[in-house]
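Below is one structure, written out as structure tokens; comments come after it.
Counting starts at 1 for both ligands and their atoms, following the listed order. We use all heavy atoms of the structure for the numbers below, so side chains are in, but hydrogens, waters and symmetry mates are not.
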Amino acid sequence: MAATGSEQAGPTAYYVSTPIYYVNDAPHLGHAYTTVAGDVLTRWHRQRGEKVWYLTGTDEHGQKIMRTAEANGVSPQEWCDKLVEEAWKPLWEHLDIANDDFIRTTEKRHMDRVQEFVQDLYDKGEIYQGGYEGPYCVACEEYKTYAELLEGEGEFAGLRLCPIHKKPVEMLQEENYFFKLSAYGPKLLEHYEAHPEFIQPESARNEVMQFVRQGLEDLSISRSTFDWGVKIPWDDKHVIYVWVDALLNYATAVGYGADQKKFDGTFPADVHLVGKDILRFHAVIWPAMLMANGLPLPKRVVANGWLMVGGEKMSKSNLTGISPQQLTQHFGVDAYRWYFLRAIAFGQDGSFSWEDFSARYTSELANDYGNLASRVTAMVNKYFDGALPEAPAHGAAERAIADGLTKATAEADKKIGEELDFAGGIAAVFDFIKQVNGYLTEQAPWKVAKDESPEAQARLATILYTAAESLRACAVLLNPVMPQTSQKLWDSLGAEPALGPLTDQHIPDTARWAQLPPGATVTKGANLFPRLEEPK
Ligand code: MSP
């Protein structure tokens with residue numbers, strides 16, 4: 001449920017964020033994975049009837065972006081504008097991402113508030129000036145410890161490498177401003193203990209706790225050797241460290257320092273979705289920054305695993321970044337949204353395989369679900385001229401289907417809505433689809449139809465009503481995952497005139513039986529999941 005603060009005027013929004021992505025390159029499957037997961041989660045909560053806020057955006061400052069722009073002979077701002085408008089925003093539109101806002105860290109609404117936040121910390125004595133020397137990975141935009149570096153081999157022999165990017169680190173020595181992060185270790189540990197749900201999954205929580213227990217170092221929060229960033233307000237020779245700038249998007253985008261009402265009604269986040277490589281920033285640095293400024297902490301930081309190619313994290317720098325459009329062209333947008341959440345346990349790494357995608361598409365989407373929909377709508381047309389019949393012979397077999405729906409709905413709601421176990425939640429709905437297919441095979445309406453007795457005709461009507469009513473529920477439960485297909489099914493069941501738009505159907509009400517009104521106009525729509533073309 002959306003959090004309700006008793007001191008608030010109304011319920012606060014269920015607020016979910018994605019990481020804001022670096023725009024040094026175009027998005028790949030790994031980026032889209034988290035954004036789709038957040039979209040399914042927020043669509044789910046919206047369909048529970050809750051107030052929701054879904055935020056995504058882009059991280060545009062720092063050395064990595066600056067260097068990419070230089071290499072392409074344009075200014076960093078030009079580079080970012082182009083990538084955001086031509087690559088990132090169009091992809092989210094293409095994938096039907098229903099975000100409520102899109103924040104760019106180069107926007108004034110963000111930069112002004114970042115300065116205020118950092119100034120507040122400075123005024124409170126949380127920031128001091130000092131020097132630092134250490135290995136820095138520009139791809140991570142992070143100082144590394146010597147212990148975690150890898151020994152280079154081959155072309156990198158004799159060099160020390162970033163463990164994530166497998167690229168040489170650079171030695172940096174600078175006069176910087178530091179945030180007193182080390183002081184927050186005990187308070188953070190106390191928070192993790194008191195709120196075991198704060199970091200998920202469990203393995204991620206353990207890793208962070210162990211890291212914090214070892215003792216935290218203060219955090220360098222400014223850079224002075226380049227200028228592509230937000231200026232330190234009291235010393236404009238420095239720009240604010242890109243991660244401090246970036247993390248603050250979660251506050252600035254919802255009105256921090258600008259729109260108190262919106263801020264109170266949204267902040268803090270219910271779920272920060274992050275990749276496991278950026279967990280420490282979100283589970284250590286971000287809460288410490290909030291504590292230092294007296295702001296409430298997010299409820300959960302949930303880390304997802306990586307999409308892997310050949311045993312390595314898929315990435316553009318490894319040249320393994322596959323563009324989502326390469327897959328949507330072949331499988332369609334809905335199947336794409338479905339596949340990664342269905343096939344990979346959220347929180348664990350998963351490998352992408354074209355063969356696995358094709359196999360699941362054919363067996364679960366086309367055969368189990370798509371066929372069910374086309375068979376049922378075709379039979380209502382064939383035997384009842386497209387007018388949904390009543391179900392006068394509702395008996396034990398039908399009650400079993402209705403019970404199956406109650407179970408699937410509760411399970412999917414718990415798994416997707418609460419536990420972010422997307423694979424488990426989707427499986428619950430597809431188990432129900434299997435159950436309905438089994439029911440049809442057993443009841444064999446095509447045989448019953450041959451018998452013209454009133455009893456047989458009553459059975460036929462009941463079987464088809466039951467199957468159509470089951471499909472009504474599938475359209476609702478799968479709408480957060482596959483909105484286009486669900487809408488097609490909703491239309492072909494003729495549900496809208498009586499029940500209203502699909503998006504208004506509430507999840508908790510889905511299992512209430514017999515919502516489709518007899519007489520609804522059922523049309524045999526196009527195949528929900530057409531047979532796949534052979535890849536060229
Ligand atoms: N800009 C920072 C995030 C700042 S949030 C305040 C950043 N950007 S990123 O573009 O490099 O990565 C964004 C997200 O994409 C991370 O959560 C990262 O884990 C995710 N992924 C990048 N490659 C990935 C895979 N191959 N698989 C799954 N997610 C991966 O870090």
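- Of the N and O atoms on the side chains of Thr106 and His61, not one donor lies less than 3.5 Å from an acceptor on the other residue.
- The aromatic rings of Trp92 and Tyr21 sit tilted relative to each other, their planes meeting at an angle between 30° and 60°.
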Distances only, to 0.1 Å: what are the N or O pairs between ligand 1 and the protein that fall under 3.5 Å?
unit_1, atom_1, unit_2, atom_2, d
ligand 1, 1 (N), Ile20, O, 2.9
ligand 1, 1 (N), Asp59, OD2, 2.7
ligand 1, 10 (O), Tyr22, N, 3.1
ligand 1, 17 (O), Gly275, N, 2.8
ligand 1, 19 (O), Asp277, OD1, 2.5
ligand 1, 26 (N), Leu307, O, 3.0
ligand 1, 26 (N), Met314, N, 3.3
ligand 1, 26 (N), Met314, O, 2.9
ligand 1, 27 (N), Leu307, N, 2.8
ligand 1, 29 (N), Gly30, O, 3.3

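- Taking 4.0 Å as the cut-off between side-chain N and carboxylate O, Arg109 and Asp101 count as a salt-bridged pair.
- In this pair, Phe357 and Tyr339 present their aromatic rings parallel. The plane angle is below 30°, not in the 30 to 60° band.
- Note that the CD atom of Glu419 and the CG atom of Asp413 stand 10.5 Å from one another [nearest 0.5 Å].
- Counted by atom type alone, Asp277 and Trp306 present one or more donor-acceptor pairs between their side chains at under 3.5 Å.
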